[in-house]
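Worksheet for the structure shown next.
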Amino acid sequence: MKRRLSLALVATLLAGCGQQAAPTAAPGTGALPVDAAAVAAERGLTADDVYAAVSTYQPSGRMDDYILFSSGGQAGQVFVIGVPSMRILRTIAVFAPEPWQGYGFGDETTEVLRGGDMPDGTELNWGDTHHPNLSETNGEYDGEFLFINDKANARLAVIDLRDFETKQIIKNPNSLSDHGGSFVTPNTEYVVEGPQYATPIGWEYAPVEEYNDKYRDLITFWKFDRVAGRVDEGQSFQIELPPYWQDLCDAGKAVSDGWMFCNSINTELATGGVEDGNPPFEAGTTQNDTDYLHVINWKKAAELVAAGKAEDINGIQVLPLDVAASEGVLYFVPEPKSPHGSDVTPNGAYIVVGGKLDPHVTIYSFEKIQTAIASGGLETDPYGVPVIPLDAAKEAQVELGLGPLHTVYDDQGYAYTTLFLDSAVARWTLGGEYADKHPEEPWTLVQKLPVQYNVGHLTAAEGDTMSPDGKYLVAMSKWSIDRFNNVGPLKPQNFQLIDIGNTGEHMRVLYDLPIGIGEPHYAQIIKADKLKALEVYPEVGWNPDTWSVDPNAVLDAKDARVERNGNNVEIWMTVIRSHFTPERIEINQGDHVIWHLTNLERTPDATHGFALGGYNINLSLEPGEARTVEFDATQPGTFIYYCTEFCSALHLEMLGYFLVKP
Ligand code: K7E
Ligand code: CUA
């Protein structure tokens, strides 16, 4: 039996879970036009489910309030997702070729991808992306750029958010492994690539027995040139660190601006070798009750580099460890135990470290750290780095549960920490100037919300800025087990959208989004209206890499042509619904081909593809875009180029013949 659902019925449904005032009708809307209550009953939905549905559903054509940028894990790209609908809006190709975007299949995008190859030319065609970071101005996301690291090969990528495309990939010249990146300083002066597993500098060969002397970690401060939209490698520098496996880093802000904080996980200097009777890595690295929080004065380091205290190693300035230790750049503070995650509070006053093998988060006071440094008389570690006693720097510890990892913040003075082993998100209260914002005692656990399952990072709306928004949090779980239809042994990761703003009293899960490609580690959520992406490129013939009209763009089909100069054949081609001009190209086997293509469209979404079968060439030409492909016509025969986007009713007729005479 179907009943017409009135707003009063929805109110009853919602009241059933003791939450939220009943919704009130917008003027003139009256009763709901569909029998939602009957549908809910038929589908077995609870009042909580209905609340979740109406909190996340976006009618067709309605935009999301927030945009989430997520790492694509070992798939090597970035996902762009709307919040709260959790609709996937696009992927951004970064470290791996990606055909839909025509990324890495012959044109200038291939040069971007190849820019991250190994120094000997070994091609790297994937990356293990971990931490996307948005550019910041005065500690707030500014929506201009996104950076992401590749843990597997120690690389950094720059994405321009005017067109959501990767513009630069840099191979770190001295490191092979990174992790604590790509975190920015509050005005994006630097993009920081923190290290992970130690190797000799430049990953040169050295026996593992020489670990303590020869193996090192390096934290890299990539200087970002905002006008050029690129990292300026010549103005960048590195700081040599002991081989302690630094893990996650976060930049200080406000009072702590100019400082960087990284946790570490192997102060034991374990080198594995279970086959030789040594403790295996996981035992060797967990002997100590504490590792070291690294406290790094990057402004001081930059001054020392400018003063000539660094040395050039493989084209980048490296500040030696003994200089960093003796000149006030590097300090350690003990941190329990094998921690993961180091997150500065929005006011910059505290650093929160997740214990991983300790049920607490430890909160460090930046002021106390400075007092301890000023008092002097600090003991040093075996590498000569001053060590601040834990009690001198500690503000508080909060017991949360098993496996605390990462922490983010809201606008109500709460912190949220993931508990990997408990599979939960813990909400707890900050103290200090935040104490007045919430009714509870400072530094106490308030609620634990189960999530599914084995949660790693979490991210909150504008949660890494100086003014978080609250409202939404996304828990990024590694396992999904029983949450989705079985798709075989390799299961998706699970993003769970959590309501932290509308419920007042408690958090609740609103939506599950399976991520069936790559293991995302981290994400950031920005207000959608901060993003100013283009609808179409500014002018016809636009080169997205030089950000100007390309000298080889063809602005009118009548200028399309083929020119031969010896064995070089150069083609200037226009692309518009629904034809390529020219439509026939005849050359000789062995010719060198330079093929310029210009999409003449000005209509949003009027993208044309350009596939050249048999030659591994595939481009995506967005409205106004100009691209160039260069290759040797080694294969004789009759080839076809065609458009891969169903762009018009005569899309199937959008092709040409490429004839290569033997
Ligand atoms: Cu997976 Cu930030 Cu690389 Cu934690 S990291 S989960
Ligand atoms: Cu252009 Cu299909």
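Just follow the structure's listing: the first ligand is 1, and inside any ligand the first atom is 1.
- By the 4.5 Å heavy-atom criterion applied to side chains, L248 and F183 are counted as neighbours.
- Atoms of ligand 1 lying under 4.0 Å from any heavy atom of H340, numbered from 1 in the order shown and given with element: 4 (Cu), 5 (S), 6 (S).
- In this structure a side-chain-to-backbone donor-acceptor pair under 3.5 Å is present from N599 to A606.
- Heavy-atom proximity to K478, at under 4.0 Å, picks out these atoms of ligand 1: 1 (Cu), 6 (S).
- N552 and T628 share no side-chain donor-acceptor pair at under 3.5 Å.
- Coordination check, H179 versus atom 3 (Cu) of ligand 1: passed, since an N/O/S atom of the residue sits under 2.8 Å.
- Backbone or side-chain N, O or S atoms of H130 reach atom 3 (Cu) of ligand 1 at under 2.8 Å.
- Set against the non-hydrogen atoms of L248, the atoms of ligand 1 under 4.0 Å away are 2 (Cu).
- Near G456, meaning under 4.0 Å from one of its heavy atoms, ligand 1 places the atoms 6 (S).
- Counting atoms of ligand 1 from 1 in the listed order, those under 4.0 Å from a heavy atom of H406 are 2 (Cu), 4 (Cu), 6 (S).
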Practice problem: Could you walk me through whether Y615 and W595 pass the ring pair (Phe, Tyr, Trp, His ring centres under 6.0 Å) test, one step at a time? | Solution: CA-CA 13 Å; Y615 271 92; W595 198 322; 9.4 Å; no
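- Around atom 1 (Cu) of ligand 2, the protein N, O or S atoms found under 2.8 Å comprise H608 ND1, C643 SG, C647 SG, M654 SD.
- With a 6.0 Å radius and a threshold of 12 heavy atoms from other residues, nucleotides or ligands, Y642 has its OH atom at or below the threshold.
- Shown here is D605, whose CG atom has no more than 12 heavy atoms of other residues, nucleotides or ligands within 6.0 Å.
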Practice task
Carefully, step by step, assess Y197 and W245 under the rule ring pair (Phe, Tyr, Trp, His ring centres under 6.0 Å).
Solution key: CA-CA 5 Å; Y197 309 127; W245 297 6; 5.0 Å; yes
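- Scanning the protein for heavy atoms near atom 1 (Cu) of ligand 1, the closest one is H521 ND1, 2.1 Å.
- By the 4.0 Å heavy-atom criterion, K151 is excluded from the residues contacting ligand 1.
- With atom 2 (Cu) of ligand 1 as vertex, H457 NE2 and H131 NE2 subtend 100°, rounded to 10°.
- Side-chain N or O atoms of H340 include none that pairs as donor or acceptor with a backbone N or O of L405 at under 3.5 Å.
- Put simply, the side chain of D178 does not reach to within 4.5 Å of the side chain of Q196, judged on heavy atoms.
- When the ring-ring contact (aromatic ring centres under 6.0 Å, His included) test is applied to Y364, no partner is found at least two apart in sequence or on another chain.
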What verdict does the salt bridge (Lys or Arg N to Asp or Glu O under 4.0 Å) test give for R155 and D150, after you've listed the backbone C-alpha separation in whole Å, the side-chain angles of each residue and the deciding distance to 0.1 Å? CA-CA 5 Å; R155 294 186 295 169; D150 164 23; 2.8 Å; yes
